[in-house]
Amino acid sequence: MSAAVTLTTLQRFKQQGEKIACVTSYDASFTCLLEQAGVDILLVGDSLGMVVQGHDSTLPVTMADMIYHSACVARAGNRALRIVDMPFMSYAGVAQALSNAGRLMRRGGAHMVKLEGGETVLESVRALVSHGIPVCAHLGLTPQSVHQLGGYRVQGRDQAGASRLLDDARRLEDAGAAALVLECVPVALAEQISAAVSMPTIGIGAGPHCDGQVLVLYDLLGITPGKRPAFSHNFLDDAADIPGALRAYVKAVKAGSFPDAAHSFA
Ligand code: KIV
């Protein structure tokens, strides 16, 4: 087995131009398969509220849900870095963010926590990092704000929105964030942000120039009910079985062939 992935590994990948392969995971069995396929990061995403629990958004997901699924993943995980989402309204203030992130680390086996947003989370990011809790930021389409954003739509298409995202990325890095998920932003903007920050960017619907890619596991396997997001791809289409599909995804990300223009936003 190769060495465990740490923040230092991710930093080295960015510096050396090696793409980072990340997939969401919510249970022990898929965690084993994902690690065997060579995934670098397992994201215990609050997308579990939609693909596992059947809600129409991530808002109903609780801390208890995240601790439960994170612990399931941690029991099976060996090599990949585990990032765990802080659910909606679990980091509305600094004290609450510290307490809940601590629970995800202690009881959920998280290596890093992920928070959505820019300006509003800066103070919490500073506090978490100063207490030894690594933070992954999340900008662009932030699903916990779906009602404020008016739906699941591409962000940063106009000049003002693009400048705000670039500025937020820089400020989050200054506050201590060590990685950044960019969701549903135009290719050129994601490229600009990835070049402007030294933390690795992990894109989803953000084009090929991010330092890594993430997909929701159930989208990658084509088993999400309803409409598949335009930026995702069913890797099971051209694979003999699930392990083959997971390997094909990792290979495509590492080779820089996924996402292509058809799975990105201009
Ligand atoms: O919850 C999740 O799965 C996520 C990814 C979509 C990035 O945050």
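Both ligands and their constituent atoms are indexed starting at 1 by order of listing.
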Same apolar cluster (I L V M F W Y, side chains within < 4.5 Å links), Val61/Tyr68
no
Flag [X] as yes when one of its N or O atoms lies below 3.5 Å from any N or O atom of ligand 1, and as no otherwise.
X	value
Glu183	no
Asp85	yes
Thr24	no

For the residue pair Asp211 and Ser194, confirm or rule out a side-chain donor-acceptor distance under 3.5 Å.
no
Taking atom types as modelled, find out whether Arg79 and Ser2 have a side-chain donor-acceptor pair closer than 3.5 angstrom.
yes
Under 4.0 Å from any heavy atom of [X], which atoms of ligand 1 are there?
X	result
Gly45	1 (O), 2 (C), 3 (O)
Ile204	6 (C)
His138	8 (O)

Kindly assign one of parallel, tilted or perpendicular to the pair Phe258 and His263, based on the angle between their ring planes and the thresholds 30° and 60°.
tilted
How are the rings of Phe235 and Tyr249 set to each other: parallel, tilted or perpendicular (split at 30° and 60°)?
perpendicular
Relative to atom 5 (C) of ligand 1, which among Val214, Val23, Ile83, Leu43 owns the nearest non-hydrogen atom?
Leu43
What protein heavy atom lies closest to atom 8 (O) of ligand 1? Include the residue and the distance to one decimal.
Lys114 NZ, 2.8 Å
Look at atom 3 (O) of ligand 1 and say which protein heavy atom is nearest, naming residue and atom and giving the distance to 0.1 Å.
Ser47 OG, 2.5 Å
Is it true that atom CD of Glu123 has more than 12 heavy atoms of other residues, nucleotides or ligands lying nearer than 6.0 Å?
no
Determine the sole option in Leu42, Leu43, Thr31, Val52 for which the side-chain contact (heavy atoms from CB on, under 4.5 Å) test with Tyr26 is passed.
Val52
